[in-house]
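Given the structure is predicted, the values throughout are model-derived calculations rather than measurements. The first residue in the sequence is number 1, and the count goes up from there.
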Amino acid sequence: MWAHRTGEFSMYKRMSPRDYTVVADVEDSSVVSHSIPDQETTNPSWRLSFPHVLAATISAFLFGYHLGVVNEPLESISFDLGFNGNTLAEGLVVSTCLGGALIGSLFSGWIADGIGRRRAFQLCALPMIVGASISATTTTLAGMLLGRLLVGTGMGLGPPVASLYVTEVSPPFVRGTYGSFIQIATCLGLMGALLFGIPVREIAGWWRICFWVSTVPAGILALSMMFCAESPHWLYKQGRTAEAEAEFERLLGGAHVKFAMQELSKLDRGDESDVVHFSELFYGRCFRVVFIGSTLFALQQLSGINAIFYFSSTVFKNAGVPSDLANVFVGIVNISGSVIAMVLMDKLGRKVLLLWSFFGMAVSMGLQVIAASSNMLGSGTLYLSVGGMLMFVFTFAIGAGPVPGLLLPEIFPSRIRAKAMAVCMSVHWVVNFFVGLLFLRLLEQLGPRILYTIFGTFCLMAVVFVKRNVTETKGKSLQEIEIALLPPE
């Protein structure tokens with residue numbers, strides 16, 4: 001399945017880009033439509049693209065793992081490296097990777113377009129291996145921060161490239177399902193880090209093993225990309241048409257190559273420059289889709305999801321639940337929601353899941369506001385608080401979590417897709433940073449009731465924004481989506 005197929009399996013005659021354009025023009029005018037195989041109504045086998053998508057999601061697993069790897073061992077790390085009780089140093093260990101992630105995400109589009117999706121994955125794995133190794137062997141705070149910074153650059157590069165790759169190699173009828181794999185892999189990585197960190201209190205130096213372990217999936221990611229297909233969309237943009245055909249054959253099967261290449265040719269008439277200037281993303285015909293993408297990621301973070309994750313252990317502690325058991329509860333709910341999203345993504349569609357997800361999150365915040373009210377006392381408050389928090393995580397996981405990372409590569413034109421994703425992911429990391437930075441201060445000054453009301457308001461704003469601006473992409477090819485959103489001038 002992974003091996004490159006030889007010519008004897010080909011069911012088509014390879015043609016030049018010009019030939020495909022001519023054929024597409026003829027088909028559009030319906031002159032010879034009766035003689036064209038009904039390829040667009042016959043779905044290719046999902047089994048062909050599945051291994052390639054699975055390999056790409058290793059980057060999402062690493063992303064989740066490194067987000068949670070210091071949660072449990074932080075106390076042991078601070079004691080062993082000599083900064084125990086220094087809250088600033090502890091905060092830097094947690095947040096330095098966010099700075100690295102911002103750097104990685106800023107350059108992800110240019111890297112993915114410059115060297116291709118596969119090599120971008122391998123480049124993403126390199127700082128994760130080096131950074132984790134430095135963190136595992138260091139004896140100083142400076143060494144730990146350097147390792148976390150390097151790991152962060154890989155964390156920032158991986159998710160946008162994974163979203164691009166999965167979107168570009170997946171058949172339209174399972175693209176939503178495959179896109180959900182990214183969220184599921186992130187949840188599994190986060191849970192894996194939390195569970196693997198449990199022995200840190202009993203075994204001295206266990207936190208070093210936690211960092212060493214992460215180098216294994218990073219190495220697997222780098223090696224597996226040697227055998228995965230390159231994105232045919234990227235190859236076609238580079239003028240490597242024959243290679244794009246060969247990769248389409250690996251991903252879709254020979255019977256679907258001709259139609260896939262014709263779809264690509266509809267958007268490439270040779271009248272646009274291959275060079276994308278940064279300013280093009282902020283004005284002109286592409287601005288609207290970049291604005292939608294950036295706003296979706298901003299609203300995702302302003303909904304308060306990371307603050308809820310941060311505050312969950314305190315809520316469970318007040319209910320008498322140990323922190324490690326609380327992390328398991330949150331992880332199970334998160335994964336359950338992500339699996340449901342995977343099942344529903346290509347049935348209900350992206351827009352429906354987003355609408356109900358943000359609405360459910362707003363209701364959950366309402367429960368948190370009621371629980372924080374001084375008018376309610378006793379166990380009822382705890383039930384509302386815990387229930388509202390778990391409901392918030394669940395409703396986030398079925399839509400607001402996985403959908404933006406899948407939807408945005410779908411709505412961005414092929415020419416700007418990688419760079420637009422880089423801009424939107426950078427917005428994600430900036431808003432994420434400030435929410436994390438200001439959450440505790442706002443909680444002290446405003447109190448939980450007002451703060452949760454603000455988060456709930458952002459969730460309702462997201463419902464209105466999605467209703468007015470988001471276009472459904474379920475079951476459509478990337479070319480159909482692009483033509484619908486940005487018709488030729």
Side-chain angles (χ1 to χ4, degrees), residues 54-74 76-77 93-101 104-105 121-138 144-145 147-163 166 180-200 206-225 305-306 309-310 312-313 323-324 327-328 330-335 338 393 397 401-402 405 425 428-429 432 436:
L54 203 61
T57 57
I58 298 175
S59 65
F61 176 87
L62 286 163
F63 175 80
Y65 186 90
H66 283 293
L67 276 181
V69 71
V70 297
N71 285 11
E72 287 291 333
L74 184 58
S76 298
I77 293 173
V93 170
V94 174
S95 60
T96 298
C97 66
L98 297 181
S105 63
F121 276 121
Q122 293 174 321
L123 189 60
C124 149
L126 180 61
M128 286 189 170
I129 294 173
V130 175
S133 301
I134 292 175
S135 294
T137 57
T138 187
M144 175 60 68
L145 296 181
R148 294 291 285 166
L149 182 67
L150 289 173
V151 164
T153 59
M155 289 173 61
L157 176 58
V161 175
S163 296
V166 171
S180 300
F181 286 1
I182 296 175
Q183 177 72 8
I184 293 174
T186 302
C187 295
L188 290 174
L190 187 57
M191 276 197 72
L194 295 175
L195 293 174
F196 204 79
I198 290 176
V200 74
W206 182 259
W207 60 269
R208 298 185 185 275
I209 304 298
C210 294
F211 284 111
W212 277 123
V213 165
S214 68
T215 62
V216 176
I220 294 174
L221 173 64
L223 290 174
S224 64
M225 279 298 142
I305 181 60
N306 285 317
F309 275 130
Y310 182 89
S312 62
S313 58
S323 62
D324 46 356
N327 289 332
V328 172
V330 172
I332 290 174
V333 170
N334 200 1
I335 290 179
S338 300
V393 172
M425 285 301 298
H428 166 275
W429 284 112
N432 186 351

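Annotation: ring pair (Phe, Tyr, Trp, His ring centres under 6.0 Å) contacts of H428 (sequence neighbours excluded): F297. Qualifying side chain to side chain contact (heavy atoms under 4.5 Å, CB included) partners for L149, counting only residues two or more places apart in sequence or in other chains: T96. Take V93 and apply the side chain to side chain contact (heavy atoms under 4.5 Å, CB included) test, not counting sequence neighbours, and it matches V70, L74, F83, L141, M144, L145. By the side chain to side chain contact (heavy atoms under 4.5 Å, CB included) test, C97 pairs with R148, M155, sequence neighbours left out. Contacts of F121 classified as ring pair (Phe, Tyr, Trp, His ring centres under 6.0 Å), with partners at least two apart in sequence or in another chain: Y165. Every residue meeting the ring pair (Phe, Tyr, Trp, His ring centres under 6.0 Å) condition with F63, not counting sequence neighbours, appears here in chain and number order: W429.
Summarising the geometry, atom CD1 belonging to I332 is positioned 11.0 Å from atom CG belonging to N334; distances are rounded to the nearest 0.5 Å. Here the CE-CG distance, from M225 to L123, works out to 13.0 Å after rounding to the nearest 0.5 Å. Taken to the nearest 0.5 Å, the CZ atom of F61 stands 10.0 Å off from the OG1 atom of T186. Distance CD1/I335 to CD/Q183: 10.0 Å, rounded to 0.5 Å. Rounded to the nearest 0.5 Å, atoms CG (L194) and SG (C210) are 10.5 Å apart.
Here the closest non-hydrogen pair linking A193 and G68 is CB-C, 3.7 Å. Shown here for M191 and G331, the closest heavy-atom pair between the two residues is SD-C, 3.6 Å. Smallest separation of non-hydrogen atoms from T153 and L150: OG1-O, 2.5 Å. Annotation for G131 and V151: closest pair C-CG2, 3.7 Å, computed over non-hydrogen atoms. Across all their heavy atoms, S59 and A162 have their closest contact at OG-CB, 3.5 Å. The nearest pair of heavy atoms linking S133 to I129 is OG-O, 2.7 Å.
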Quick one: side chains of residues 213-222, donor-acceptor pairs under 3.5 Å with protein atoms, not counting sequence neighbours, listed by atom name and distance.
| unit_1 | atom_1 | unit_2 | atom_2 | d |
| --- | --- | --- | --- | --- |
| S214 | OG | F211 | O | 2.6 |
| T215 | OG1 | W212 | O | 2.6 |

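When atom types are taken as modelled, the side chain of T138 and the backbone of S135 share no donor-acceptor pair closer than 3.5 angstrom.
With contacts defined as side-chain heavy-atom distances shorter than 4.5 Å, the pair F196/P73 does not qualify.
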